[in-house]
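See structure below.
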Amino acid sequence: MSLPHAILTALLEKPSSGLELTRRFDRSIGYFWSATHQQIYRELGKLEQAGHIRALPSAQPTRGQKKEYEVLPAGREELAAWTARSEDPKTVRDPLLLRLRAAAVVGGAGLERELVRHLELHRAQLADYQEIEARDFPPERRITQEDRLRHVVLRAGIELETFWTKWLTDTLAELAPDESRPRRIQADGGAGAGPS
């Protein structure tokens, strides 16, 4: 996914100013495609230059007035063409995973604290997603194709956060000091810490 396509999607849902788009990104699209205020404004300029969007006419002088944008037919065509394209899954690029790999080489002082912090953040995000689902997507409101598509995107977020909370919980248990982990039974029947 690219930022221009995220902006086109948001503007097709509702014409907005750059500031409104930034706020909407923080509440919805930004959960899976984040962008700064400056990035959004830069892309709005590029999309306008490409003829994909236009600033809506204002009854008042534009100096100091916020511009509101809408998608033009060329922008809708671009977004439709993009949604129809084939695209391979992207490789996961998560700094935490790389830091764990690096800790295997240089040691992991402070790693447990960071893993706990990440676990707390993922639990909070999961709770937010579940609250959104309960509020905005009860079964009786998933009638239209549009509602069902929005819901499956939210479900992806719920499933990802569920994965991360389970993985982090399991990782913290795996990395706990040996004396706090259950001892494994060796093949000869004796207790031991398992293969080394």
Side-chain angles (χ1 to χ4, degrees), residues 1-96 118 121-122 124-164:
M1 179 175 179
S2 66
L3 182 54
H5 297 110
I7 290 172
L8 288 171
T9 300
L11 289 176
L12 279 168
E13 290 174 343
K14 180 181 180 230
S16 303
S17 68
L19 181 59
E20 290 166 339
L21 274 174
T22 302
R23 289 180 181 150
R24 289 175 58 208
F25 263 67
D26 289 345
R27 292 190 316 265
S28 62
I29 291 175
Y31 285 130
F32 53 91
W33 193 266
S34 62
T36 66
H37 190 77
Q38 292 84 3
Q39 289 171 317
I40 289 173
Y41 273 96
R42 191 169 38 249
E43 288 302 326
L44 284 170
K46 290 177 185 177
L47 287 166
E48 190 172 25
Q49 204 169 34
H52 291 162
I53 65 171
R54 73 174 180 134
L56 291 169
S58 176
Q60 300 173 359
T62 57
R63 187 170 185 88
Q65 191 75 13
K66 64 182 180 183
K67 287 186 193 177
E68 198 165 84
Y69 296 91
E70 71 175 355
V71 177
L72 295 170
R76 180 180 281 275
E77 288 171 19
E78 166 56 29
L79 189 60
W82 178 75
T83 60
R85 282 184 209 133
S86 176
E87 192 171 287
D88 293 338
K90 299 292 181 220
T91 304
V92 173
R93 291 178 58 180
D94 191 299
L96 180 62
H118 275 252
L121 291 169
H122 283 290
Q125 188 65 66
L126 177 59
D128 286 348
Y129 285 163
Q130 290 170 330
E131 183 182 320
I132 292 168
E133 183 179 41
R135 182 189 67 224
D136 296 343
F137 294 102
E140 66 275 9
R141 288 192 45 201
R142 291 182 239 147
I143 297 167
T144 67
Q145 178 76 353
E146 292 81 6
D147 287 338
R148 289 193 300 272
L149 285 168
R150 288 183 184 106
H151 180 248
V152 297
V153 171
L154 177 61
R155 284 300 314 166
I158 289 170
E159 296 298 328
L160 282 169
E161 294 305 327
T162 300
F163 161 78
W164 280 112

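Nothing here was measured: the structure is a model prediction, and the numbers come from that model.
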Q: Measure the CD-CG distance between Glu159 and Leu154 for me, rounded to the nearest 0.5 Å.
A: 10.5 Å
(Q) Other residues, nucleotides and ligands only: do more than 12 of their heavy atoms fall within 6.0 Å of CZ on Arg135? (A) yes
Q.
Less than 4.5 Å apart, side chain to side chain, heavy atoms only: is that true for Leu72 and Ile53?
A. no
Q.
Salt bridge or not between Glu20 and Arg23? Use side-chain N to carboxylate O under 4.0 Å.
A. no
Q) Would Arg141 and Glu133 count as a salt bridge (charged side-chain N to carboxylate O under 4.0 Å, His left out) if you check the C-alpha gap in whole Å, the side-chain angles of each, and the deciding distance to 0.1 Å? A) CA-CA 11 Å; Arg141 288 192 45 201; Glu133 183 179 41; over 6 Å; no
Q) Thinking salt bridges, do Arg24 and Glu13 make one under a 4.0 Å N-O criterion? A) yes
Q. So, do His37 and Leu19 sit near enough that their side-chain heavy atoms are less than 4.5 Å apart?
A. yes
**Q.** Within-4.5 Å side-chain heavy-atom neighbours: Leu56 and Tyr69
**A.** no
Q.
Which heavy atom of Asp94 sits nearest to which heavy atom of Leu96, and what is that distance?
A. OD1-N, 2.8 Å
Q | Leu160 side, atom CG; Tyr129 side, atom OH - distance, nearest 0.5 Å | A | 8.0 Å
**Q.** Electrostatic pair Arg150:Glu146 at N-O distance under 4.0 angstrom
**A.** no
(Q) Please check if the number of heavy atoms outside Arg148 that lie under 6.0 Å from its CZ is greater than 12. (A) yes
Q: Using a 4.5 Å cut-off on heavy atoms from C-beta on, say whether the side chain of Leu44 contacts that of Leu11.
A: yes
(Q) Using every non-hydrogen atom in the two residues, find where Gly51 and Ala74 come nearest and quote the distance to one decimal. (A) O-CB, 3.6 Å
Q.
Give me the atom names and distance for the closest heavy-atom approach of Ser16 to Leu21.
A. CB-CG, 4.1 Å
(Q) Students often mix this up, so state it plainly: with edges at 30° and 60°, are the rings of Trp164 and His122 parallel, tilted or perpendicular? (A) parallel
Q) Sub-3.5 Å donor-acceptor pair from the side chain of Arg142 to the main-chain atoms of Phe137, do we have one? A) yes
Q) Atom CG in Leu3, atom OG1 in Thr36: separation rounded to 0.5 Å? A) 8.5 Å
Q | Salt bridge present between Arg54 and Glu70 (N-O < 4.0 angstrom) | A | yes
(Q) With rounding to the nearest 0.5 angstrom, report the CD1 to CD distance, Ile158 to Gln125. (A) 10.5 Å
Q: Report the distance from atom OG1 of Thr9 to atom CZ of Arg76, rounding to the nearest 0.5 Å.
A: 10.5 Å
Q: Answer yes or no: is there a side-chain heavy-atom contact under 4.5 Å between Leu79 and His5?
A: yes
Q) Going through the distances and angles, do Arg42 and Gln39 end up as a side chain to side chain donor-acceptor pair (under 3.5 Å)? A) CA-CA 5 Å; Arg42 191 169 38 249; Gln39 289 171 317; 5.8 Å; no
**Q.** Phe25 side, atom CZ; Ile40 side, atom CD1 - distance, nearest 0.5 Å
**A.** 5.0 Å
**Q.** Shortest non-hydrogen separation from Ala55 to Lys67 and the atoms involved
**A.** CB-CD, 3.9 Å
Q. Nearest heavy-atom pair of Ile29 and Ala6: which atoms, and what distance?
A. CD1-O, 3.7 Å
